[in-house]
Participant: 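After the structure tokens below, expect a handful of questions from me.
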Amino acid sequence: MPKLAYSFYQSTDVNNLAVQLLGKLLFTRIDGELTGGVIVETEAYKGTEDKASHAYGGRFTNRTQVMYEKGGLSYVYLCYGIHHLFNVVTAPKGTPHAVLIRGIEPVQGIDIMLKRRNMAILKPNITAGPGALSKAMGIDKRLNAEDLLGDEIWIEDNGIVFPVDQIVSSARVGVDYAEDHALLPWRYYIRGNKFVSKPNK
DNA sequence: GTGCGGATGAACT
DNA sequence: GTTCATCCGCACT
């Protein structure tokens with residue numbers, strides 16, 4: 001399957017990109033171990049004007065600088081001191097939009113994912129949730145600011161297009177601090193998919 | 001240099 | 001529903 005092209009990531013409509021990423025295949029090859037899954041849940045973070053975004057108000061730090069780079073890079077950061085969260089940087093250089101990947105359905109290297117997650121059998125919580133999927137895919141800070149057209153972490157277009165009525169939008173998770181932006185319906189997921197993270201109402 | 005708290009998940013009661 | 005693991009980014013002194 002072809003990797004998503006550089007041009008795919010340059011759109012400034014981050015909500016549309018968050019929807020477009022549903023159904024795409026996220027892969028990593030870490031130490032030669034290939035794992036991959038279908039993206040089933042995303043959230044849009046709209047740069048400087050989004051109070052839930054790390055780049056809100058134009059905040060520019062060592063952590064957030066990659067968000068300002070050209071679309072098509074990874075943004076991985078540590079949350080709660082434990083979980084690595086994976087985002088896709090989008091929009092042209094200077095516009096710090098990002099899409100958080102919150103859930104994938106495993107299709108490749110499931111045995112490797114089970115081992116990384118210390119699980120015996122496949123259950124949805126192996127990759128349902130941004131911290132969980134990062135652990136299963138072997139994503140950590142070493143994969144921050146990686147080119148998504150490279151050979152460590154990338155996204156492929158397998159032609160899957162979910163019907164519009166299969167896609168649900170709702171409030172983003174864990175952004176209560178974002179005041180009047182906390183309830184924006186910028187979370188997108190596949191209705192009924194088992195690998196969508198917990199709050200799926 | 002210090003202190004607060006977070007784009008979570010798992011194990012509890 | 002509640003607790004807590006466990007780190008460092010970030011704002012402020």
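Order of the sequence lines fixes the chain letters, A, B, ..., with proteins taken first and strands second; residue numbering starts at 1 for each chain.
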Participant: Looking only at atom types and distance, does a side-chain atom of A:Asp31 sit under 3.5 Å from a main-chain N or O of A:Glu33, one as donor and one as acceptor?
Facilitator: no
Participant: Working to the nearest 0.5 angstrom, can you tell me the gap between A:Leu73 CG and A:Ile153 CD1?
Facilitator: 11.0 Å
Participant: Looking across every strand, which nucleic acid part, if any, lies under 4.0 Å from A:Arg172 by heavy atom: base, sugar-phosphate, or nothing?
Facilitator: nothing
Participant: So that I can compare with my own list, what are the stems of DNA chain B, taken as at least three consecutive Watson-Crick or G-U pairs with distances under 3.5 Å?
Facilitator: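 B:1-6 with C:7-12, B:8-12 with C:1-5 - these are the stems of 3 or more pairs that involve DNA chain B.
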Participant: Pairs in or reaching into residues 140-157 of chain A: which pass side-chain hydrogen bond (donor to acceptor under 3.5 Å, both in side chains), with residues at least two apart or in two chains?
Facilitator: A:Asp140-A:Arg142, A:Trp154-A:Glu156
Participant: I want to check one thing: is the phosphate of B:dA7, taken as OP1 and OP2, less than 4.0 Å away from some side-chain N or O of A:Tyr177?
Facilitator: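 Indeed, a polar side-chain atom of A:Tyr177 lies that close.
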Participant: Is any side-chain N or O of A:His54 closer than 4.0 Å to OP1 or OP2 of C:dG9?
Facilitator: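 For A:His54, the contact criterion (side-chain N or O under 4.0 Å from OP1 or OP2 of C:dG9) is not met.
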Participant: Specify the separation, in whole Å, of atom OH of A:Tyr45 and atom P of B:dG6.
Facilitator: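 Atom OH in A:Tyr45 sits about 13 Å away from atom P in B:dG6.
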Participant: With sequence neighbours left out, what residues match A:Asp111 under salt bridge (charged side-chain N to carboxylate O under 4.0 Å, His left out)?
Facilitator: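 Counting only residues at least two positions away or on another chain, A:Asp111 forms no salt bridge (charged side-chain N to carboxylate O under 4.0 Å, His left out).
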Participant: What's the NZ-P distance between A:Lys51 and B:dG6, to the nearest Å?
Facilitator: 16 Å
Participant: Can you name the nearest heavy-atom pair linking A:Met67 to A:Ala98, along with the distance?
Facilitator: CE-CB, 4.0 Å
Participant: Between P on B:dG6 and CG on A:Leu100, what's the gap in Å once rounded to a whole number?
Facilitator: 16 Å
Participant: How far, in whole Å, is C:dG1 from B:dA7 if one measures between their C1' atoms?
Facilitator: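 Result for the C1' pair: 22 Å, nearest Å.
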Participant: With sequence neighbours left out, write down each residue that passes salt bridge (charged side-chain N to carboxylate O under 4.0 Å, His left out) with A:Lys93, or none if nothing qualifies.
Facilitator: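 Per chain and number, A:Lys93 pairs via salt bridge (charged side-chain N to carboxylate O under 4.0 Å, His left out) with A:Glu69.
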Participant: What are the atom names and distances for every N/O pair under 3.5 Å that joins the protein to nucleotides 8-10 of chain B?
Facilitator:
from   : atom 1 : to       : atom 2 : distance (Å)
B:dT8  : O2     : A:His83  : NE2    : 2.5
B:dG9  : OP1    : A:Gly129 : O      : 3.3
B:dG9  : OP1    : A:Pro130 : N      : 3.0
B:dG9  : OP1    : A:Gly131 : N      : 3.1
B:dG9  : OP1    : A:Ala132 : N      : 3.3
B:dG9  : O4'    : A:His83  : NE2    : 3.3
B:dA10 : OP1    : A:Arg117 : NH1    : 3.1
B:dA10 : OP1    : A:Arg117 : NH2    : 2.6

Participant: CD of A:Glu41 versus C1' of B:dA7: gap in Å, rounded?
Facilitator: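 In whole Å, B:dA7 C1' and A:Glu41 CD are 11 Å from each other.
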Participant: Select from A:Arg63 and A:Gly81 the residue whose nearest nucleotide in DNA chain C is closer to the 5' end of that strand.
Facilitator: A:Gly81
Participant: Side chain of A:His97, backbone of A:Ala91: donor and acceptor closer than 3.5 Å?
Facilitator: no
Participant: The side chain of A:Leu78 lies closest to which of these nucleotides: C:dC7, B:dA7, C:dC10?
Facilitator: C:dC7
Participant: Please tabulate, one pair per line, all N/O donor-acceptor pairs under 3.5 Å involving side-chain atoms of residues 119-139 of chain A, not counting sequence neighbours.
Facilitator:
from     : atom 1 : to       : atom 2 : distance (Å)
A:Thr127 : OG1    : A:Ile104 : O      : 2.7
A:Ser134 : OG     : A:His84  : O      : 2.7
A:Ser134 : OG     : A:Pro130 : O      : 3.1

Participant: Looking at A:Leu21, A:Ile190, A:Ile101, which hits side chain to side chain contact (heavy atoms under 4.5 Å, CB included) with A:Val40?
Facilitator: A:Ile190
Participant: Okay, side chain of A:Tyr77, backbone of A:Leu85: is any donor-acceptor separation there less than 3.5 Å?
Facilitator: no
Participant: Given 3.5 Å as the limit, does a donor-acceptor pair link the side chain of A:Glu43 with the main chain of A:Val173, or not?
Facilitator: yes
Participant: Dump every N/O contact between nucleotides 11-13 of chain B and the protein below 3.5 Å, one line per pair.
Facilitator:
none

Participant: Dump the pairs, protein N or O against N or O of nucleotides 1-4 of chain C, anything under 3.5 Å, distances to one decimal.
Facilitator:
none

Participant: Using atom types as modelled and distance alone, determine if a side-chain donor or acceptor of A:Glu41 lies under 3.5 Å from a backbone N or O of A:Phe195.
Facilitator: no
Participant: Considering only side-chain heavy atoms of A:Met67, which listed nucleotide, C:dC7, C:dC10, B:dA7, is closest?
Facilitator: B:dA7
Participant: Filter on side-chain hydrogen bond (donor to acceptor under 3.5 Å, both in side chains), then keep only pairs touching residues 53-67 of chain A, sequence neighbours left out; what's left?
Facilitator: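 As it turns out, the side-chain hydrogen bond (donor to acceptor under 3.5 Å, both in side chains) pairs with a partner in residues 53-67 of chain A, which skip direct neighbours, are A:His54-A:Tyr75, A:Thr61-A:Thr64.
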Participant: Can you list, pair by pair, the side-chain donor-acceptor contacts under 3.5 Å of residues 11-19 of chain A, counting residues two or more places apart and other chains?
Facilitator:
from    : atom 1 : to       : atom 2 : distance (Å)
A:Ser11 : OG     : A:Asp13  : N      : 2.9
A:Asp13 : OD1    : A:Asn15  : N      : 3.4
A:Asp13 : OD1    : A:Asn16  : N      : 3.0
A:Asn15 : OD1    : A:Tyr188 : OH     : 2.6

Participant: Distances for protein N/O vs nucleotides 11-13 of chain C N/O pairs under 3.5 angstrom?
Facilitator:
from   : atom 1 : to      : atom 2 : distance (Å)
C:dA11 : OP1    : A:Arg59 : NH1    : 3.4

Participant: With sequence neighbours left out, which residue pairs that include part of residues 162-176 of chain A fulfil the salt bridge (Lys or Arg N to Asp or Glu O under 4.0 Å) condition?
Facilitator: A:Asp50-A:Arg172
Participant: Measuring from atom CD of A:Glu105 to atom CG of A:Leu25, what distance do you get when rounded to the nearest 0.5 angstrom?
Facilitator: 10.5 Å
Participant: Contact class for A:Lys135 (heavy atom, under 4.0 Å): base, sugar-phosphate, or nothing?
Facilitator: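 Touches nothing.
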Participant: Spell out, as yes or no, whether a donor-acceptor pair under 3.5 Å connects the side chain of A:Ser74 to the backbone of A:Ala145.
Facilitator: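 Pair found, side chain donor or acceptor close to backbone of A:Ala145.
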